[in-house]
Amino acid sequence: MPGQGSNEHPTGQTPRLTPGLSVRAEFPIFEHTTYANSCSQGALANRVRAAAEEWLAGWDENGAEWPFWVERNEAARTAFATLVHAQPDDVAVTTSVSQGVSALVSALDLTGERKRIVVSEYEFPTVGQIAHAQELRGAEVVHVRPEDDGRIPLERFADAIDERTALVCCTAVSFRSGHRHDVSAIAELAHASGAILLADSYQAIGSMEIDVRAIGADVITGGTVKYLLGSAGLAFMWLRPELRSQLLPTQTGWFADEDIFAMSIADYSPHASARRFDSGTPPVPSLYPGVAGMDLISEVGVPAIEEHVRGLNDRLLAGLDNLGARVMTPRAANEHGALICVLSTDPDALVDALAAERIVTSTRDSNLRISLHLYNVEEDVDRIVAALAANRVLLA
Ligand SMILES: Cc1ncc(COP(=O)(O)O)c(C=O)c1O
């Protein structure tokens, strides 16, 4: 049954963690709070806290644990690669989506005919801002805007993409409204014109299957703060290997070098692997909790999490319909991810009213954002719907 999860195991073996009650005990916040804000930050798991403390303990006991830090960096690379069904060599470990995307565009020649960057209106600000920053290098930025119903039809992308396009940015799931793009179809359009397709998957990774073998994108990025249960400061960028070998980032650092410990200042010799998109000293304090969070997600399994959250969201949508609320996220399963957005007359007041009942949500634009994850259960949904009913006046 969605939302309930069980850790009983008929053979008496150590039970596998499943979404719902079985995993919830790992997250102390649920002892007093209904947490529904994973689109901003995932809740803190005991093992993630322990991993962060392990970093401090090691520092205290041993001083600089340099070899172990490098090992943790590689563990993060492998954990990201596992989540997207890729090889570690095809994954850069970055400190943020911004760092990875900046390095990516730094590798594009935007001075010739192919100087367009197409951005969907649902990109996270950092992607739009990085695109516009390239205007200083000759780029032309084209925005693809939604229709009145909030959808961005494929034809809008088709209108914007042509042989002048170097890069198309289409986020997998909008942080603003919960809309999900058909990344594969947009990637086909991009490829037909010889353009690169970047899918910022921050609002998807850990809550939805992202499979680089099927998604069609050339570059995928995301980070650990939200559905991967880690802290700020750790992100990744997967690049299709054939593409990567043609790209030379001019935004770089010594951890992107073919031999980090050569310590040479004489040349630029980027690593053959996706490591060429790494930068400086790895984000050590974020590696420990990040790897622990990703391991927890992988242990439960993204397909199981996706199914669990879909069940909870069906219940949530039914509850919202009963209230006559205006849901801004499309209903079809292939048109949204974990995030559900509801129109409010005063979203900040609504977030505050829910917080007063110890329900944590967030806002963007005029929307209340409710984002459920592996640790939520049906009772959480029922509490949220009941609290919204009590504050019906704040729903549009
Ligand atoms: C879709 C999306 N992209 C990117 C980010 C963050 O980017 P960065 O890692 O550069 O801070 C967020 C949230 O913070 C996000 O929701």
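Atoms within each ligand, like the ligands themselves, are counted from 1 in listed order.
- Annotation: salt bridge (Lys or Arg N to Asp or Glu O under 4.0 Å) contacts of R137 (sequence neighbours excluded): none.
- Ring pair F68/Y288 is perpendicular by interplanar angle, where above 60° counts as perpendicular and below 30° as parallel.
- Applying the ring pair (Phe, Tyr, Trp, His ring centres under 6.0 Å) criterion to H373, with sequence neighbours excluded, gives Y227, Y375.
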(request) Give the intermediate values and the outcome of ring pair (Phe, Tyr, Trp, His ring centres under 6.0 Å) for residues F255 and H271. (result) CA-CA 9 Å; F255 265 73; H271 203 278; over 10 Å; no
For ligand 1, find each of its N or O atoms that sits under 3.5 Å from a protein N or O atom, and tabulate the pairs with distances to one decimal place.
unit_1	atom_1	unit_2	atom_2	d
ligand 1	3 (N)	D200	OD1	3.4
ligand 1	3 (N)	D200	OD2	2.6
ligand 1	9 (O)	V97	N	2.9
ligand 1	10 (O)	V97	N	3.4
ligand 1	10 (O)	S98	N	2.8
ligand 1	10 (O)	S98	OG	2.4
ligand 1	14 (O)	K226	NZ	3.0
ligand 1	16 (O)	Q203	NE2	2.9

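- Sorted by first and then second residue, the side-chain hydrogen bond (donor to acceptor under 3.5 Å, both in side chains) pairs with a member in residues 104-116 read D109-T111, R116-E140; sequence neighbours excluded.
- Checking S40 against R369 by side-chain atom types alone, a donor-acceptor pair falls below 3.5 Å.
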